[in-house]
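In what follows, every chain begins at residue 1, and chains take the letters A, B, ... in the order their sequences are listed.
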Amino acid sequence: MADRVRTRYAPSPTGHLHIGGARTALFSYLWAKKHGGDFIVRIEDTDTERNVVDAEEKQMAALAWLGIQWDESVDVGGPHAPYRSMERTGIYEEYLKRLLTSKQAYPCYCTSEELEQDRERQLAAGQAPRYIGRCRDLTEEERSARESEGRMSSVRFRVPAGRKILIEDIVRGDVSFETDGIGDFIIARPDGRPTYNFAVTIDDALMEITDVVRGEEHLSNTPRQILLYEAFGFKIPRFAHAPLILNPEGKKMSKRDESIIQFIDQYKELGYLPEAINNFLALLGWAPAGEKSEEEIFSLDELTDIFSLDRISKAPAVFDTGKLKWMNNHYIKEASLERITDLAIPHLIKAGRIDSSINESEKTWVTRLVGLYQEQMDYVAQITDLTALFFLEEVEHSQEAKTVLAEEQVPTVIGAFVEQVKTHEGELDPEEVKKLLKAVQKTTGFKGKQLFMPVRAAVTGETHGPDLRESISLLGKERVMTRLETFLGQ
RNA sequence: GGCCCGUUGGUGAAGCGGUCAACACACCAGCCUUUCACGCUGGCAUUCAGGGGUUCGAAUCCCCUACGGGUCACCA
């Protein structure tokens, strides 16, 4: 590996950062960083009709949130600027001219109607749909005739016949394609804008990309690009095609797939942590080697260390949402309570649970509340439902709670507890609650389940939940009293 | 339809010719706990899509079949 390793992630600005794109970016980034090389983000915006206004910015923000840092791109520039295809049209024109001059490319005057008919005919005849070569060998006269008709021309690359193109793929090994199976493909649209295969090849070559990492759907594009590399005498990079990501049902993901959340932004909003997403994505279609294969919790730095393209799997990877939740829960438990609280507060505000401007003591209260549930959250947005009972005026007793509250000793126990709370001076901190419960035990003689379950059921409406003393303390004297008295009054 | 690719338990997967096929998620059981959650312990593929070979020996190599997928765009 003589050259400095340079990889790139080249999205089109047509939407949000997708989990598949994020994984590709991650793999590319890890590989470059492992070798002390450069990671480039380049925007492939040649399909101007489909471009979406904020997409570029949003995708890069999502990448940054994940902690995937680029060395060269549209915002920070770099030695190969510009990094947006549509700002590189002059470059493409020059290379296009070369191909036209050498007759390796030719103008095509076919209309989309003609092309569509060809296609249908081939399909009907059970043939591979590909360009039939109508404009391949037009004479000068025929060309000018079409041009005087006012026909627009795109430019096609002349695919040589009878050749075998070998792709030495790091993931898949040697894969070969016959050029006879590839039709002459369009490299420039009538208005001169390059198509993907053309732009990506020139950009990768000029930007000195050494390793092209991308999804499997690009594998069959690769021979076309190799043809282009050859036509220009460019050095061919190494390729690594990562397997597709399937939804939890093992099916190909579609745009409107309800079974899976597909965009990084959405995970961020739900309160997934970037380190969990990275860790999970890294393991989607890749596994560490050797002794590390028994572990699965890895930081970005560790991943940078142990990642290797040749360990990428050839088989498609199923997106296991359960595993993602488990992993995120792991990182939530590991994170500081302050960090999780800061993430939780917006959710609580949005749900109308707390005010958008909270003071210090309220913040302390919220922190304690979040702390009560930190270890069981799969993602931070769950905090709203998890803490619901702390914001209710009155509780509704679950069926189990009703059963508990129907027990014989309950009026005695609750009555005694009410007495304790009523006569207690000052705040109810957990230690105080402990003492009060102890006192109830003394005066009533009930202890353990017979004591705690009725109190829990009456106060929270549930027979299970987090630490009772802390819960009562957080609920506060007033609300606890209201709930207990409401219960006794029934 | 042509060309490519893939197939290890419910899921992610290790395994690259030689013990009873790692590990993790999920699941089940037990322990811990006033309850839940967390945590801990144990269980969970007589078998590697199916069928043929090669070999003393195959999940690992070869062939065929089945199934799944990618692609054949003036989309990336």
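Checking the phosphate oxygens (OP1, OP2) of B:rC74, no side-chain nitrogen or oxygen of A:R50 falls inside 4.0 Å. Regarding contacts with the backbone of B:rA37, every side-chain N or O of A:K333 stays at 4.0 angstrom or more from both OP1 and OP2. In terms of phosphate contacts, A:T46 brings a side-chain nitrogen or oxygen within less than 4.0 Å of OP1 or OP2 of B:rA76.
If you check the side chains of A:Y196 and A:D47, you find no donor sitting under 3.5 Å from an acceptor. With hydrogens and angles left out, the side-chain atoms of A:H18 and A:Q262 include a donor and acceptor closer than 3.5 Å. Side chains of A:N328 and A:Y267: a donor-acceptor N/O pair is absent below 3.5 angstrom, by distance only.
For A:R119, the side-chain atoms get nearest to B:rA73 when compared with the rest of B:rA73, B:rG12, B:rG70. The side chain of A:A287 lies closest to B:rA13, out of B:rA76, B:rA13, B:rU34. Counting only heavy atoms from C-beta on, A:E216 has its side chain closest to B:rG70 among B:rC74, B:rG70, B:rA37. With B:rA14, B:rA24, B:rC74 as the candidates, the nucleotide lying closest to the side chain of A:W326 is B:rA24. In the set B:rC74, B:rC5, B:rA24, the nucleotide with an atom closest to the side chain of A:E296 is B:rA24. For A:E294, the listed nucleotide lying nearest its side chain is B:rA22; candidates were B:rC74, B:rA76, B:rA22.
Counting any heavy atom pair closer than 4.0 Å across all strands shown, A:S293 reaches a base atom. Looking at heavy-atom distances under 4.0 Å, A:L283 makes contact with sugar-phosphate atoms alone, never a base. Residue A:D320 is classed as a base contact, given a heavy-atom separation below 4.0 Å to a base. If you check every strand for non-hydrogen atoms under 4.0 Å, A:I186 touches a base. In this structure, A:P129 reaches the bases: a heavy-atom distance under 4.0 Å links it to at least one base atom across the strands shown. Residue contacts shown for A:R456 include a base, since a base heavy atom lies under 4.0 Å away. Among the atoms of the strands shown, only primed sugar atoms or phosphate atoms (P, OP1, OP2) are found under 4.0 Å from some heavy atom of A:A317. Among the heavy atoms of the strands lying under 4.0 Å from A:N221 is at least one base atom, whether or not backbone atoms are also near. Using a 4.0 Å heavy-atom distance criterion, A:F177 is classed as a sugar-phosphate-only contact. Contacts of A:G465 with the nucleic acid, taken as non-hydrogen atoms under 4.0 Å apart, include base atoms. At a threshold of 4.0 angstrom between heavy atoms, the contacts of A:E375 include nucleobase atoms, whether or not backbone atoms are also involved. A:H218 comes within contact range of at least one nucleobase, with a heavy-atom separation under 4.0 Å. Heavy atoms of A:G183 sit nowhere under 4.0 angstrom from any nucleic acid atom.
At whole-Å resolution of the value, CG in A:D310 and C1' in B:rA14 are 15 Å apart. Protein atom CG of A:L246 is 9 Å distant from nucleotide atom C1' of B:rG68, rounded to whole Å. Atom-to-atom, CZ of A:F239 to P of B:rC5 comes out at 16 Å; the value is rounded to the nearest Å. For A:R172 and B:rG70, the CZ to P distance is 13 Å, given to the nearest whole Å. In this structure, the NZ atom of A:K325 is 17 Å from the P atom of B:rG12, given to the nearest Å. As a whole-Å value, the separation of A:M327 CE from B:rA26 P is 11 Å. Taking atom CG on A:D378 and atom C1' on B:rC25, their separation rounds to 12 Å, with Å as the unit. Between A:F198 atom CZ and B:rA76 atom P there is a gap of 13 Å when expressed in whole angstrom units.
Less than 6.0 angstrom separates the ring centroid of A:W286 from the ring centroid of A:F307. Taking the six-membered ring for Trp and the full ring otherwise, the centers of A:F280 and A:F319 sit less than 6.0 Å from each other. Checked against a 6.0 Å centroid threshold, the rings of A:F39 and A:Y9 do not count as neighbours.
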What do the steps show when you test A:Y106 against A:R136 for side-chain contact (heavy atoms from CB on, under 4.5 Å), and what is the final call? CA-CA 7 Å; A:Y106 59 89; A:R136 199 171 212 239; 3.8 Å; yes
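A salt bridge does not link A:R339 with A:E334: every distance from a Lys NZ or Arg NE/NH1/NH2 to an Asp or Glu carboxylate oxygen is 4.0 Å or more.
Judged by closest nucleotide on RNA chain B, A:E217 is the one of A:P194 and A:E217 placed further toward the 5' end. Nucleotides of RNA chain B nearest to A:E295 and A:R224 differ in position, and the one nearer the 5' end is that of A:E295.
Across all strands shown, B:rG15 forms a Watson-Crick or G-U wobble pair, both distances under 3.5 Å, with B:rU8. Pairing of B:rC3, defined by two Watson-Crick or G-U wobble distances under 3.5 Å, is identified with B:rG70. Pair assignment for B:rG39: B:rC31, on the basis of Watson-Crick or G-U wobble contacts that are both within less than 3.5 Å.
A donor and an acceptor atom sit less than 3.5 Å apart, one in the side chain of A:K323 and one in the base of B:rA24.
Using C1' as the reference atom, B:rA66 and B:rA24 are 31 Å apart when rounded to the nearest Å.
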